[in-house]
Every structure is written in structure tokens, then in C-alpha cells.
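Here is the naming used below: chain letters follow the sequence lines, and residue numbers restart at 1 for every chain.
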2 protein chains.
Amino acid sequence: MKYIEKLRNSGLRPTKQRLQICEVLFDTKQTFHFTINDLAKKIKDQLDNRISLATIYNTVHAFEKKGYLKQIPINSNQTYFDTNISDHHHFYDLNEEKLIDLENSDVGPINIKRKINGKKIKSVEVLVKLED
Amino acid sequence: MKYIEKLRNSGLRPTKQRLQICEVLFDTKQTFHFTINDLAKKIKDQLDNRISLATIYNTVHAFEKKGYLKQIPINSNQTYFDTNISDHHHFYDLNEEKLIDLENSDVGPINIKRKINGKKIKSVEVLVKLED
DNA sequence: ACACCTTTTTAGAATCATTATAAAGTAAAT
DNA sequence: ATTTACTTTATAATGATTCTAAAAAGGTGT
Ligand SMILES: [Mn+2]
Ligand SMILES: [Mn+2]
Ligand SMILES: [Zn+2]
Ligand SMILES: [Zn+2]
């Protein structure tokens, strides 16, 4: 019930599937990073009914477009998403292939001195790769 | 002839294909960004003989492993590589889907204050997304 | 409730970048 | 020259993602 308004306000119909995906994604103490496959597993575990993979893809992309999820730029065969939509950065542990949040406050202010004509900055993201 | 030593020193046999790919990649005034497909096109245009796609993949990965190429972390269905292996950053023009180098000197020094136990920092990369 | 229209879900097929396979070719070592 | 290890290649396989089109569900007005 708590996500019905959120979806309506975004012009998305609050379907049973979308509401359930909202619960899996946003009813958590901690934000988290996931691939579509991670999410599909989580949904299968946490819910009694199944949701088709196509719907999971559709929903994740819809939520991303609306700004409820962010994509994390990283080199992987799978796309990583983040339920933490605040401005922040990431560690990427190359050995464990795991993402770790790096808060804005843990990185000095980033000053982009160069401008590109006619373009404005949409985001500034730092990726710190870690190894043992 | 100029890449034979480079390859030998890396433990890579200087085959005809690898030497030709070296020429396409490194015999340029400017460094550049590319996908495997870009590179395959370039090879077809610049060379008289053809090189199989499998070899292009193999070679690019071998060169990356040896540090002659870098992968650029970005969300795309294709993997982007960079012949500029210096420490540097990138603009990504979302509208034109184009990468632009952003020199280290164009970004203030980045100070990662948080440490992860037992891990050391391998790289720090900034991605600045641009829109119109 | 019902009719009507739009959006959404779904199974399954298609796409396409990338990786795997295994046989033939080449470079290096003995 | 023979042997050995590495490399190239055509081709198949893989797997994440997107597409398709038909069925289901939501929303609106009556
Ligand atoms: Mn991707
Ligand atoms: Mn990729
Ligand atoms: Zn995050
Ligand atoms: Zn670059």
C-alpha cells in the first residue's frame, strides 16, 4: 500500500508485480547493489508467486527511468543497479567481484575544471578498484 | 618491426596478426577509445588481409592483460577499450554516446579517505556524464 | 456491475556481444 | 628436422538482454 502513491505519481500503474518488486527493492534497512539475476533470485525466494523475467527487466528499467534506481558504470557482463540513489561512489573489489558504497564524504570534493561546449554535467562518479 | 620486442618482452609471440593490430592501435598520433567492433572495422579498412574476430578478441584481451590497453568502466552493451593507458578520466556524452578524455590535471586530486581492510587501491577512475 | 481503452505481463523467440572448441597453422626450442 | 607450445581460425555455444504478440489487468466513465 505504501508504494501505490509513489507509482501513481510517476505515471506507473501500481500492479501487483510492481508493488512486490518495490517491497523487495525498497523495504530494506540497507540499500544494496544487484544484477537482474540477483533480483530474480531474491524475488523467487521472498515471494510466493513468480514474476516473469521480462517483467523484472521492464520494471527495473521503468524504475531507473523514474530515478528510483541507478545503474552503476562498471565492466561486467551483467548490468549492476543500485537502490542507493544518493550521489555517491563505489569501491569495486576485483577479487571478490563485489561493490561497496563509498560515500561522498569519504571522497574529497571533485572539481572538474574542463568544460565541454554546450554540454552540462549530469553526474560525477568515482570507481575505486581494489585488489588484495 | 618496432613492436616485435615489445611483444617478446611480454611473452607474446610476435605473430603477423598481433603486429598488424599493434600498428592499428598504437601507430597513431592520438590515443583513442574503441569497441571490438570499431577495431574490427578499422582493421578491415586499414589492412589488406583479414583477421578473424576471435583473434581480435584474443589479442585485445592479451594486450589488456599486459597493460597495453585499458578497459573503460561504462554502461554499454559493448566493452570499451582505451589506447591511452595513462591515469586519466572520462567524460561520457550521453546524447552522442561518445567518450572524451579528461586528463588528471583537469580533475582536482582525489583523496579516498576510507580504507577497506586488507585491500589496496588499484585505480581511481572518474566518469563524468554529460547531457545537452 | 459493465463496457471500453490503455497499460502491463508473460512465454517464448530473437538478438548480439562474447567466449568456448577443436583442428590447422606457425613460432620457438631442441 | 623434429618436437613442442602457442596461435589463429571457423564455427558453435553461451548468456544477458530485448523483442513480439497475445492474454491479463488497471483505470475511467456509465
Ligand atoms: Mn552492461
Ligand atoms: Mn560491458
Ligand atoms: Zn552504491
Ligand atoms: Zn581515455
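- In this model, the phosphate group of dT19(C) is approached by a side-chain N or O of His61(B) to a distance below 4.0 Å at OP1 or OP2.
- Comparing atom distances between the Arg18(B) side chain and each of dT7(D), dG26(D), dA16(D) picks out dT7(D) as nearest.
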Q: Apply the test salt bridge (Lys or Arg N to Asp or Glu O under 4.0 Å) to residues Asp27(B) and Lys2(B): give CA-CA distance (whole Å), side-chain angles for both, the deciding distance (0.1 Å), then the verdict.
A: CA-CA 10 Å; Asp27(B) 262 4; Lys2(B) 106 203 238 193; 2.9 Å; yes

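- Asp38(A) has its CG atom 15 Å from the C1' atom of dG15(D), to the nearest Å.
- Between His90(B) and His33(B), the angle of the ring planes goes over 60°, which puts this pair in the perpendicular group of the 30/60° scheme.
- If you measure from atom CD of Gln20(A) to atom C1' of dT8(C), you get 14 Å, rounded to the nearest angstrom.
- Within the structure, every side-chain polar atom (N or O) of Asn77(B) is placed at least 4.0 Å from both OP1 and OP2 of dC16(C).
- Remark: Leu99(A) CG to Ile72(A) CD1 distance equals 5.0 Å, nearest 0.5 Å.
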Could you pull out all donor-acceptor pairs under 3.5 Å where a side-chain atom in residues 39-51 of chain B meets a protein atom, sequence neighbours excluded?
residue: Asn49(B); atom: OD1; partner: Gln20(B); partner atom: NE2; Å: 3.1
residue: Asn49(B); atom: ND2; partner: Gln20(B); partner atom: OE1; Å: 2.8

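- Contact between the side-chain N/O atoms of Gln17(B) and the OP1/OP2 oxygens of dT9(D) is found at a separation under 4.0 Å.
- If you take CG of Asn37(A) and P of dG15(D), they are 11 Å apart, rounded to a whole angstrom.
- Between Phe81(B) and Phe34(B), the ring-plane angle classifies as parallel under the 30° and 60° cut-offs.
- Atoms NZ (Lys16(A)) and C1' (dA24(D)) sit 11 Å apart, rounded to a whole Å.
- Remark: the Ser76(A) side chain and the Gln78(A) side chain contain no N/O donor-acceptor pair separated by less than 3.5 Å.
- The minimum heavy-atom distance between Ser86(A) and Lys70(A), with the atom names listed, is O-NZ, 3.3 Å.
- Of the residues in residues 39-58 of chain B, those placing a heavy atom less than 4.0 Å from an atom of DNA chain C are Tyr57(B), in numerical order.
- A close approach under 4.0 Å does not occur between any side-chain nitrogen or oxygen of Thr15(B) and OP1 or OP2 of dA27(C).
- Residue Ile4(A) contributes atom CD1, which lies 13 Å from atom C1' of dG27(D) at whole-angstrom precision.
- In this structure, Gln78(A) atom CD and dT14(D) atom P are separated by 17 Å, rounded to whole Å.
- Of all heavy-atom pairs between Leu127(A) and Pro73(A), the closest is CD2-O, 4.0 Å.
- Of all the residues in residues 5-13 of chain A, Arg8(A), Arg13(A) reach under 4.0 Å from DNA chain D with at least one non-hydrogen atom.
- Each of Asp106(B), Asn104(B), Asp101(B) was evaluated against His89(B); a single residue qualifies, Asn104(B), per the side chain to side chain donor-acceptor pair (under 3.5 Å) test.
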